[in-house]
Amino acid sequence: MTKTSHRSGAPIVALHGVGKTFPSGTVALTGLDLDVREGEFLSLLGPSGCGKSTALRIIAGLTEPTQGAVEWTEAAKTENENRLGFVFQEPTLMPWANVSNNVLLPLKLKSVASERASERVAAALDRVGLQKFGTAYPRELSGGMRMRVSIARALVTEPALLLMDEPFAALDEITRFKLNNDLLQVWQALRTTVVFVTHSVFESVYLSSRIVVMAARPGRVFTELAIDAPYPRDQTFRTSAEYAALCRRTSDALARAMAAGGEP
Amino acid sequence: MTQRSFAQEYRDRVLRVVLPVIVLALSLAAWELVVRLAQIPPYVLPAPSLILQTFVVDRALLTQSLLVTLSTTLQGFLLAAVGGVGLAVLFNLSRLVEYSFYPFAVILQVTPIVAVAPLLLIYLPQPVAVLTCAWIVAFFPVLANTTLGLNSIDRNLADLFALYGASRGQVLWNLKLPSALPYILGGLRIAGGLSLIGAVVAEIAAGSAGAGSGLAYRIVESGYRLNIPRMFAALVLLSIAGIVIFYALAFVNHIALRRWHESALEAES
């Protein structure tokens, strides 16, 4: 079992023995211990039904755990106002609002003064390369661009922690690679912390500084892998032998996790 | 899109307008011909030319009646819009209110308005009774559609609002009402036609006893007087009023939704 400590900083949020049993009796998660460390890019990797999305929703506070606790560090608590950004599997944009107003939403809900808000919206759109599309409507954009809008919206509050739930799963490979690169750039520029849920070994290795592999039925942490390859990572890394080796290692871990998981 | 299919589409569009007009013209001509050749008296079946003449001769009377009916219809429609949307929002905010009042809204809807109108005319002054009928008929589709719309919000968007700590008012104003807009507009399109029907039904129920002067009242009155051409003229006006209301609301619908809703999108090439 590979378990390496990593260079990242102190935990900003910690899950202690977190479990989730749905009213139907389905155990989505059990005994989950997880530290999210400041500045890291953490991926939750696992087969469907391993509770990775549930874990993310628990961190976001969208679902209450039925056992255990979620603990935020003091520093994160004081930034309460904008500690979280969330990117869903679908772009989840408001179809009736143009791109700018979609990105503005979190600030509007927090009643940020409009002058400052429009500056921050412009900055967020700039980060994802959509500065020229503020007045476009979601339906006029491609799937990849919609996802960029969704990311810009999550970034507009400058969150300490960015939660992403299989955000690129529905995109074609070319678009996904491009967005992977752009996401890494944003992550490095903003020095934010990312928790990224995925079922793609290749994506998780390319992006992450740490991968937590989960097993299903009941959902739990199976093992953890540090991906020590240095950033910035780019096309050279994607085609390197090191990347291939890391993918194989991660793939093996995932295979063992799936063998350990109960039958569907 | 190729040049050929462009031309085809254009031809299609022209045909859609021209063909019904031709059918109408031919029918009117046949009607006119039959009446003249068979020498049918006007109190049995007036020729189209006579009906047209009636429009000119009776224009003051008919215009006044049209305005009365239109004004009732419009008021009934506005009350239905406000009442339907307002009640739906109230239901959405409070389950208790919904449980308490929804059954009565259904009862109002399923009881035939023709049967209710005479009772209303006993207890209410005639203009109010007519307006109430228009409102009763028109308000339910708005209520039902708005309720459906308010409940059809994107779950993820609702989560997003929760994540940013949105208040109930913010969720209602920024998420639920915009999501419900296509449904509300659909309800209003139905309500527009129905409020006209409600007004007509009440006017007819009031009949000769009524002091009103709407188009439906004119129809009843002309019937008693065997003034059949005027009956036809009033009927044509009612028909035109219905068509105008329908297209006006369709236009509003298009303007409000054209930038974002699937229903209002033009087919992309």
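Atom set for the values below is all heavy atoms of this structure, side chains included, hydrogens, waters and symmetry mates excluded. Residue numbers begin at 1 in each chain, while the letters A, B, ... track the order of the sequences.
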Point to revise | Exam field: side chain A:Thr26 to backbone A:Thr21, donor-acceptor pair closer than 3.5 Å | key: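 Checked: no pair found.
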
Review point. Quick one: does B:Thr72's side chain have a donor or acceptor within less than 3.5 Å of a partner on B:Leu131's backbone?
Key: no

Check your understanding: Among residues 94-105 of chain A, which ones touch chain B with a heavy-atom distance under 4.5 Å?
Key ->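 Only A:Met94, A:Pro95, A:Trp96, A:Leu105 of residues 94-105 of chain A have a heavy atom under 4.5 Å from chain B.
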
Exercise for review: With a 4.5 Å heavy-atom cut-off (strictly below), which parts of residues 129-137 of chain A touch chain B? List them by number.
Suggested key: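 When heavy atoms of chain B are the reference, residues 129-137 of chain A contributes A:Thr135, A:Tyr137 within the under-4.5 Å range.
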
Let me know if [X] has heavy atoms under 4.5 Å from chain B in its side chain, its backbone, both or neither.
X        : value
A:Glu140 : side chain
A:Arg153 : both
A:Phe88  : side chain

Point to revise | Part of residues 138-158 of chain B lying next to chain A, heavy-atom separation under 4.5 Å | key: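 Answer by number: B:Asp154, B:Asn156, B:Leu157.
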
Point to revise | Residues of residues 171-196 of chain B contacting chain A, heavy-atom criterion under 4.5 Å, by residue number | key: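 B:Asn174, B:Leu175, B:Pro178, B:Ser179 fall under the 4.5 Å cut-off.
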
Practice item. Any chance you could measure A:Ile58, atom CD1, to A:Leu29, atom CG, to the nearest 0.5 Å? Key: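 One gets 5.0 Å once the value is rounded to the nearest 0.5 Å.
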
Review point. So how far is it from B:Glu98 CD to B:Phe91 CZ, rounded to the nearest 0.5 Å?
Key: 6.5 Å

Does the side chain of [X] pick up a donor-acceptor pair with the side chain of [Y] at under 3.5 Å?
X        : Y        : value
B:Thr69  : B:Glu203 : yes
A:Ser200 : A:Thr198 : no
A:Thr193 : A:Glu38  : no

Point to revise | Evaluation steps, side-chain hydrogen bond (donor to acceptor under 3.5 Å, both in side chains), between A:Ser204 and A:Ser43 | key: CA-CA 6 Å; A:Ser204 63; A:Ser43 281; 5.2 Å; no

